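Have a look at the structure below before the remarks.
Convention: sequence-line order gives letters A, B, ...; per-chain numbering from 1. Just so you know, these numbers come straight off a predicted model, no measurement behind them.
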Amino acid sequence: MSGEVVYEIKNASKRYGSVIALDGASLKIHAGEVVGLVGDNGAGKSTLVKVLSGAHQPDGGQMFLDGKEVRWDSPRQALESGVETLYQDSGLAPHLTVSQNVFLGREITVGGILGKLGFLNKKKMNHDAHRDLEAVGIAVPASSRAVSQLSGGQRQAVAIGRAVAWAKKVIILDEPTNHLGARQANEVLNIIRNAKAKGLGVIFISHTLPHVLEVTDRIVVLRLGRIVKDAPTSEFTGDTLIGTITGTIQTIKVEGD
Amino acid sequence: MKRSTRVLAVTAAAALALTGVATAATPATAAKKIKIAFVMGAVNDPFFNAMKVGAVAEAKAQGVDLLWKGDAQYSAATQLPIVKNVIATLGKGDGLVLIPTDGAALQASNDQAAAKGIVVANVDTQVGNLSKVLIQITGNNEDGGAKAAAAIAKAVGYKAGSTYEVVIGLTSATATTNVARLEGFKAAVASTYPGLKVVDTAYSESNSQKAATNVDTWLTKYPNLKGIFAIDGTNASGAAAALQSKGLVGKIALVGYDAYPANVDLIKKGVFTALIAQDPAAEARLAVKTIVANIKKGTKPAKKNVTIANVALTSSSSAADIAKYTYKTK
Amino acid sequence: MTDSKQASAFKEQSPLRAKISSLLSNQSVVLLITLVVLGTFFQWGSDGIFLQTGLLGTVLDEWGSYILLAVGQLFVVITGGIDLSVGSTVSLSSVVAGWFVVQQLKVGPEVTGADALPYVLLIAGICLVVGLLVGLLNAFLINKLKIVPFIATLATMGASNGIAVMISVGMPLQGPNDWELGAPWNIGGIELPISTMVFCAMFITTIVGLFLHKSRFGLYTYSLGSNAFATRGAGISVEKHITKVYMLSGGLAGLAGAYSYVRLGAGSNTSGMGMELYAIAAVVIGGASLMGGVGRIVGIALGTLVLFVVQSGLLTMTVVQVSPDLKQVIVAILIAAAVAVQTLQNKNGRK
Ligand SMILES: Nc1ncnc2c1ncn2[C@@H]1O[C@H](COP(=O)(O)OP(=O)(O)O)[C@@H](O)[C@H]1O
Ligand SMILES: [Mg+2]
């Protein structure tokens, strides 16, 4: 493992009506560490992501960022504190340009009174978006191009690039390699390594277990809203990982602190 | 039937907002006082408001209780439950004045009331079969159209052998009062004023701004335009605005319909050459009076179908006439 | 680490192809061509009177009475919503303003010209406030009671109409007015088809358009209609923005109510009747998508112009006299055709 614990969630629970999506889940992320979060469909991975990103409020539990307890009333607070999230299947606004998406919620305005009225500096945003995406390892098409005109792989690259470019502490990627071809998925893995090298804590969610085994330092397995295994990646093989996810391999419940 | 289109557009939510039941009753004194229910077309419509003023006055004069009932919309769907409710509260020796929003849909309720011993009158419109109705009183829209033609002819100094371009602002193809007035106008032109040439018609779609736009367009399209017949209140307002904004007041004869107080004022200013006025208050008074006479003395009216003529109000109308025909709100 | 192999995976598509497809899908170009064709046709069909100043002035006057509604509707439609209450807001705001000035201040139509100007400004202010309040009510129904915009605004439409009829008792409230505001400008003896009112409508449209295309407010409007979840995820308060957008639509409808007051010299409960449908039609003809995320102010300005050039042109035809019934049918077919074309464009454009 790398640096200090940057982000921690303790005993998180969340219900949707009668469905218990999270049942006392706890998780730590260190700086410069990639944590793989795996589990069957419906295990609660996306719910955990939404709680961590401030999109949903947990019914119970605590969160700590850099050791200080935090509470997100909205995604904005998490973003401003340096926690970036790429949500499953809904990262970008297709009608907006690449740079508008990259800067959405954090626009650069022009100077003077027009700036106070919210008038945008399009040129600077186009230029900076291009620069920032390149810096995290994404060669984007013209950043003034509408996202709807990009291929699926390009869109995903922009979405991840945005998150990595803005992240100051933690980046959460919910199934970022879904629907991608082999080569594009590989590029995503490279971006993750880049983020790790920058010292960010990364949570990587995927069903493609070889990817998880390849890029992560530690793997956390969720089943029915509970964390059933939390161990260094080196302790898993492909078979033991599958067994743990499906429950054919017995697991010891990890400590909840 | 009257001004239905405008009121129809008031939607269901408005029906909720306005419970639509306005009751004007003289103070309850004697135990057995005659009750007369008046189920009209639409609350807050100027025509029915003016009618209410007449009904209230006559009920007071006759010493009977008046129940004034109606919905925000001119619609059989909302009127039917009101009528049924009213019939339940009335008994033998009471009266019902009904303005059927739909002649077929209201027939059964109309006859059911009569069967219960309630004396029934129809005003403004009528049910299909009048056999159970004491009296049916209506305004005369054809006659109003003919009077409009005469008013325009007079204003342009009509001489046989000359032609005068005239346009008519309508509301829609389905507004039945429009149709009757238009027929009356055209019949009078054919028989008496063949020189009045109707060069164009257009719809306001119940929107007074659209009515103004139509007239604006005609004022440019027909440089020799002599007269405008604005067939209802919406078209009258729009046409008056168009003439005033273009500074053409007094240069083109404008005959409107419906004696809204504000429009009556515009007669004096010369914006309207004439306003064709109906007399809804007279229709209501006659209905109440005839019902009471029948209940008290068993008298039947000399004629079952009574038509109350429209009048043309002009700058030379007497103050008394203007006061009498201007739609009252109180 | 950006080696050439990786960059190639995100290679740009051919810029030429992109240019051609963007030109073809540029609604404004299509609408301009349509306007030229229509103008030529009606000029011929009216024996050469259609393009004269007087009639163009009438067309622009009508354009002015609808454009503010269409612009407000554009914002709402871009967010993926719809505002059916704008027509009745025109009626309600003009009636409330007329009621206040005529029945409370007791100032009547005898006050005209420059003397009436202060009253006209007061009326515009009242109309604006009434419109903003209707918009706020719509936003409340949508945000707090979670009613879909179609139903929420249908309810406020009915309520506004009902209140307008109650206050006005179904009759126009004629009050002070400066008719000059609607008169064509005369510059150096040349009459222009533009009045002060139309100029105001154009000015407001331009300003609001700049906010749509150049400001953060506009960006959030698009992003909301494009992907509400991503917008929320970007830390933007979706509810707040919805409130602003419906208040903008209501406020502009209120100003359109003031416009109608000056046109009619009266607050009228029928002044906004049915206008919401034309506003929505204009927005669709102008290239906005009812699915949200798409639409430009220039397109909407031109789309509204096309809609009323057609109406006015049909009324001006002399070569054949178009009956009012046929006119309605033609307009309905045109609107349907515009929607159909737009749907096809969308289908082709999608991957
Ligand atoms: N918004 C929601 N409303 C109701 N149930 C939900 C909602 N989101 C998720 N769930 C339920 O919570 C459980 C966990 O879902 P999710 O976190 O999406 O799982 P995963 O991402 O691991 O597939 C599932 O049973 C799912 O059906
Ligand atoms: Mg998921």
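Defined by atom type and a distance below 3.5 Å, a donor-acceptor pair is missing between the side-chain atoms of A:Ser144 and A:Asn126. Side-chain contact annotation: C:Asn138 with C:Thr153, donor-acceptor N/O pair under 3.5 Å absent. In this structure, a donor-acceptor pair under 3.5 Å is present between the side chains of C:His241 and C:Thr221.
Residue C:Tyr220 touches chain A through its side chain alone, counting heavy-atom pairs closer than 4.5 Å. For chain C, no part of A:Leu114 is nearby; none of its heavy atoms comes within less than 4.5 Å. Proximity to chain A (any heavy atom under 4.5 Å) is shown, for C:Leu210, by both the backbone and the side chain. Both the backbone and the side chain of A:Leu104 come within contact range of chain C, each with at least one heavy atom under 4.5 Å from a heavy atom of that chain.
Exactly one residue among C:Lys146, C:Lys244, C:Arg232 makes a salt bridge (charged side-chain N to carboxylate O under 4.0 Å, His left out) with C:Glu239. That residue is C:Lys146.
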